[in-house]
Q: 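I have a structure I would like to understand better, so I am pasting it below and will then ask my questions one at a time.
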Amino acid sequence: MGEMYIRVAEDENEEPMEIPSEDDGTVLLSSVAAQFPGACGLRYRSPVSQCMRGVRLVEGVLHAPESNWGNLVYVVNYPKDNKRKMEEMDAASAVKIKRGIQKTSDLIVLGLPWKTSEQDLKDYFGTFGEVIMVQVKRDPKSGNSKGFGFVRFADYETQVKVMSQRHMIDGRWCDCKLPNSKQGPDEPLRSRKVFVGRCTEDMTAEDLREFFMQYGEVTDVFIPKPFRAFAFVTFADDQVAQSLCGEDLIIKGVSVHISNAEPKHGNSRQMMERGRFGGVCFLCNSLQYFVFKTYIFAFCFEEEILNVVERFTQSGQHYCIE
DNA sequence: GTTGAGCGTT
């Protein structure tokens, strides 16, 4: 038969590449793999049945169908769950993220007027997007509203939008948040909050909010007092928060460093057991945590320390200095 | 029958 070339592509619609055959008309899998690393075989679309057919492979040698390769385009087979497949998966999920196609979750609606009904909720939230669930929590006996409820949207974009603002419902301001049951260690790498290090004292919460708005909806800015050269910024969308981690950004002419705000397993008990941060506070004589000098943790990005700092500053409790 | 920070009878 003599040496010839067969046309091979990664996809039926892509431009094929010519792969040399052997003198006996067969094609070595190694020849295919030389151009398509990781290839484990070939397939083609039968002109008769219009189905994909596999090419016979015996000990690394590909045999022509009908003893003739013809002018068909052969498509490369890759092993299941190999690198290429993984890349396709990544690409697919990346598209999902970019398009905002993400699983939604129930949002708790806090501050509802006693009179607000589920129909009221549906009518109100329906103006943001498709509502697929509403609930008003009531006392089973009396049927009286407990003043809070839940809502679930069809689209993640809608959820983000709704979480990013307050809501005037039947004359009261209400907040929509992720319920506690949906937070926590459910998805540890999905933090919506970032740590902003190297802050200067002239950076106000409003400065930070305005700056970070360019990346996405900002739902909270927290600056510890007294000044400690860091802040926490929370976004409505965890993807935004994650995308900023590791960045050095310029705010008011100074470079701040963004890193993750929440430890994967930042358990205060674990820290105490390690004996690194445990002890008795000389101020209150009963607290069990130490926080070191400002300049130490201000420039230290160890998640555990930051978590402790945040717990203290947010709870309004005093803290210990050495 | 009241109230106003919170966290969901299944």
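Naming: A, B, ... by sequence-line order, numbering from 1 per chain. Heavy atoms only: backbone and side chains are in, while hydrogens, waters and symmetry mates are out.
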Q: How are the rings of Tyr215(A) and Phe212(A) set relative to one another: parallel (under 30°), tilted (30 to 60°) or perpendicular (over 60°)?
A: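 Ring orientation, 0 to 90° scale: tilted.
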Q: Rounded to whole angstroms, how far apart are CG on Leu107(A) and P on dG8(B)?
A: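 Interatomic distance, CG of Leu107(A) to P of dG8(B): 15 Å.
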Q: 5'-most contact on DNA chain B: Arg138(A) or Ser145(A), nearest heavy atom basis?
A: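 In this pair, the answer is Ser145(A).
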Q: I need the CH2-P distance between Trp173(A) and dA5(B), as an integer number of Å.
A: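 It works out to 17 Å between those atoms.
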Q: Kindly list each side-chain donor-acceptor pair under 3.5 angstrom involving residues 119-126 of chain A, sequence neighbours excluded, with atom names and distances?
A:
residue, atom, partner, partner atom, Å
Gln119(A), NE2, Asp123(A), OD1, 2.9
Asp120(A), OD2, Ser117(A), N, 2.9
Asp120(A), OD2, Ser117(A), OG, 3.1
Tyr124(A), OH, His167(A), ND1, 2.8

Q: Expressed as a whole number of angstroms, how long is the span from Arg172(A):CZ to dG6(B):P?
A: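 Rounding to the nearest Å, CZ of Arg172(A) and P of dG6(B) are 13 Å apart.
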Q: Is there, by distance only and without an angle test, a donor paired with an acceptor across the side chain of Asn180(A) and the base of dG8(B) below 3.5 Å?
A: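 Checked by distance alone, the answer is no.
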Q: If each of Gln135(A) and Leu112(A) is mapped to the nucleotide of DNA chain B with the nearest heavy atom, which maps nearer the 5' terminus, i.e. the 5' end?
A: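 Result: Leu112(A).
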Q: Can you figure out which of dT10(B), dG6(B), dC7(B) approaches the side chain of Lys177(A) most closely?
A: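 Nearest to the side-chain atoms of Lys177(A), counting from C-beta on, is dC7(B).
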Q: Between atom CG in Asp175(A) and atom P in dG6(B), what is the gap in whole Å?
A: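 That distance rounds to 11 Å.
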Q: Rounded to whole angstrom units, what separation is found between the CZ atom of Phe148(A) and the P atom of dA5(B)?
A: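 Atom-to-atom, Phe148(A) to dA5(B), this comes out as 14 Å.
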Q: What is the distance, rounded to the nearest whole Å, between atom CG of Leu178(A) and atom P of dC7(B)?
A: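 Rounding to the nearest Å, CG of Leu178(A) and P of dC7(B) are 15 Å apart.
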Q: Among dG6(B), dG8(B), dC7(B), which nucleotide has an atom closest to any side-chain atom of Met133(A)?
A: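 Taking heavy atoms from C-beta onward, the closest nucleotide is dG8(B).
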Q: Rounding to a whole Å, what distance do you find between Trp114(A):CH2 and dT3(B):P?
A: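 Atom CH2 in Trp114(A) sits about 8 Å away from atom P in dT3(B).
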Q: Rounded to the nearest angstrom, tell me the gap between atom NZ in Lys137(A) and atom P in dT3(B).
A: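 Distance, rounded to whole Å: 24 Å.
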Q: Charged N to carboxylate O below 4.0 Å: is that the case for Lys193(A) and Asp220(A)?
A: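 Salt bridge between Lys193(A) and Asp220(A), a charged N being under 4.0 Å from a carboxylate O: no.
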Q: Any luck finding a side-chain donor-acceptor pair between Thr158(A) and Glu130(A) under 3.5 Å?
A: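 Result is no, nothing qualifies.
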